[in-house]
Number of protein chains: 2
Amino acid sequence: MHSGTIKVTLTAENGREIILYRVRPGEVCLQTFGCLVNGTSYSAEGQAETDLEIDIVPVGEFQRLVVQDADFRQQLFAAVATRFADLERLVEDVALSPIDARLARALLRMMDEQGQVTATQEALATEIGSVREVVSRQLNAFARDGLVELTRGHIAVLAPNRLDQLSHPAV
Amino acid sequence: MHSGTIKVTLTAENGREIILYRVRPGEVCLQTFGCLVNGTSYSAEGQAETDLEIDIVPVGEFQRLVVQDADFRQQLFAAVATRFADLERLVEDVALSPIDARLARALLRMMDEQGQVTATQEALATEIGSVREVVSRQLNAFARDGLVELTRGHIAVLAPNRLDQLSHPAV
DNA sequence: ATGAAAAGCGTGACTTAGTCACATACTTAA
DNA sequence: TTAAGTATGTGACTAAGTCACGCTTTTCAT
């Protein structure tokens with residue numbers, strides 16, 4: 001019934017961009033939740049990453065569903081809770097984690113079963129709220145340590161376990 | 001009926017701390033919203049800043065109120081929307097704004113009608129997700145430019161308008 | 001097919017922010 | 001009134017971000 005993902009990003013005046021979170025199939029997208037409730041508008045921007053197949057719920061219908069449809073309510077609340085968790089994790093990441101840990105986590109999140117990550121360094125930078133140059137240097141540092149192997153447009157993760165250690169709160 | 005404020009903070013392993021948002025009188029506190037919905041727990045920590053007088057709503061009661069009490073629902077959704085806006089602003093701040101702008105915004109937010117801010121530099125640092133030393137240096141830079149006057153435990157804002165300019169997206 | 005443009009990556013030099021270590025001044029309470 | 005705790009200032013260093021390039025690979029129009 002639903003398919004495709006939406007990434008919600010924030011863009012600064014200087015062009016720097018950070019991914020706030022992603023909305024996945026089966027989730028309720030809350031981008032306009034503020035509007036539904038009190039007309040608040042977000043500065044964030046949603047962008048489809050793939051072809052989309054979604055249901056759009058008009059405001060009146062939304063109000064009705066919340067009251068009458070326990071299932072909808074459940075999904076809605078779950079979506080809200082997930083967004084909170086995502087955003088809190090993001091704040092923690094950006095404000096309090098060093099870049100090597102953030103990059104390590106991103107690689108682990110994004111790699112497939114074969115340990116392949118298909119993404120440009122630019123995309124990785126946006127993913128972790130940093131910039132290409134920093135990602136480039138850090139990836140090369142990882143590569144020097146034998147943690148990954150780099151080729152244009154993707155990264156092969158050689159030592160997921162060691163990345164995982166890095167990704168954890170280094171004391 | 002309700003009084004006092006709660007600050008919700010995130011603390012890293014290294015002891016660095018950042019304020020996620022505040023819950024004010026009349027607002028619904030969502031700290032445990034995840035729990036209400038699906039048992040997710042937050043890593044964030046709530047802390048009363050003043051004496052509190054609050055209503056605590058048990059889970060069963062919550063479910064009932066959401067369905068039956070339109071007013072409660074309205075308040076709840078408003079709280080959710082506010083939190084989102086807060087968190088998005090915070091991410092934007094931390095990830096994309098230089099610290100002079102962040103500090104300027106914090107001072108403007110926190111000052112009273114006489115332009116007095118009563119807070120230690122340590123507290124200001126937590127407020128903007130930075131550290132004391134950086135705040136100290138930045139405040140002294142502001143002072144050198146005649147924007148503020150510093151005394152132990154508080155800051156006198158002399159030129160709110162110029163701070164406001166600083167606080168805006170410097171191109 | 002080929003040459004130009006665009007996309008992706010690497011890197012040096014520099015700026016800004018955060019860390020560490022320590023000095024100094026003010027405040028409070030025994 | 002002095003010792004302990006709190007608040008601040010500062011130099012030296014590290015980490016991250018910015019700026020300005022250059023180089024290679026891919027894409028695409030002709």
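Below, chains carry the letters A, B, ... as their sequence lines are ordered, and counting in each starts from 1. Owing to the predicted nature of the structure, the values given are computational and were not obtained by experimental measurement.
- For the pair Thr120(A) and dG8(C), the criterion of a side-chain N or O lying under 4.0 Å from OP1 or OP2 is not met.
- dT26(D) atom P lies 12 Å from atom NE2 of His154(A), rounded to whole Å.
- In this structure, Arg16(A) reaches the sugar-phosphate backbone alone: every heavy-atom distance under 4.0 Å involves primed, P, OP1 or OP2 atoms, never a base.
- Remark: the backbone N or O of Val66(A) is paired with a side-chain donor or acceptor of Arg73(A) at under 3.5 angstrom.
- Interface remark: the Glu133(A) side chain does form a donor-acceptor pair with the dC19(D) base, using a distance-only criterion of under 3.5 Å.
- Considering only heavy atoms from C-beta on, Ile155(B) stays 4.5 Å or farther from Phe142(B) through its side chain.
- What separates CG of Leu124(A) from P of dG17(D) is a distance of 14 Å, to the nearest Å.
- The nearest heavy atom of DNA chain C to Val134(B) and to Ala119(A) marks one nucleotide each, and the one closer to the 5' end goes with Ala119(A).
- Of the possible polar contacts, none joining the Arg132(A) side chain to the Thr120(A) backbone as a donor-acceptor pair under 3.5 Å is found.
- In this model, a side-chain donor or acceptor of Arg137(B) finds a partner on the base of dG11(D) within 3.5 Å.
- Atom P of nucleotide dG18(C) and atom CD1 of Ile18(B) are separated by 10 Å, given to the nearest angstrom.
- A donor-acceptor contact under 3.5 Å is formed by the side chain of Arg152(B) with the base of dT6(D).
- One atom, CD of Glu122(B), and another, P of dG9(D), lie 13 Å apart when rounded to the nearest Å.
- The hydrophobic cluster containing Ile6(B) does not contain Ile19(B), counting ILVMFWY residues as joined when their side-chain heavy atoms lie under 4.5 angstrom apart, directly or transitively.
- For Asn140(B) and dA17(C), the CG to C1' distance is 16 Å, given to the nearest whole Å.
- Atoms NE2 and OG, from His168(A) and Ser97(A) in turn, are 11.5 Å apart once rounded to the nearest 0.5 Å.
- Of the listed nucleotides (dG9(D), dT11(C), dA17(C)), dT11(C) has the atom at the smallest distance from the side chain of Ser136(A).
- Residue Asp93(B) contributes atom CG, which lies 13 Å from atom P of dA17(C) at whole-angstrom precision.
- Put simply, CG on Leu150(B) is 11 Å from C1' on dG9(D), counting in whole angstrom units.
- Distances were taken from every side-chain heavy atom of Arg132(B) (C-beta onward) to each of dT10(D), dG18(C), dA20(D); the shortest belongs to dT10(D).
- For dG10(C), one of the phosphate oxygens OP1 or OP2 lies less than 4.0 angstrom from a side-chain nitrogen or oxygen of Gln121(A).
- Put simply, CG on Leu103(A) is 15 Å from C1' on dG17(D), counting in whole angstrom units.
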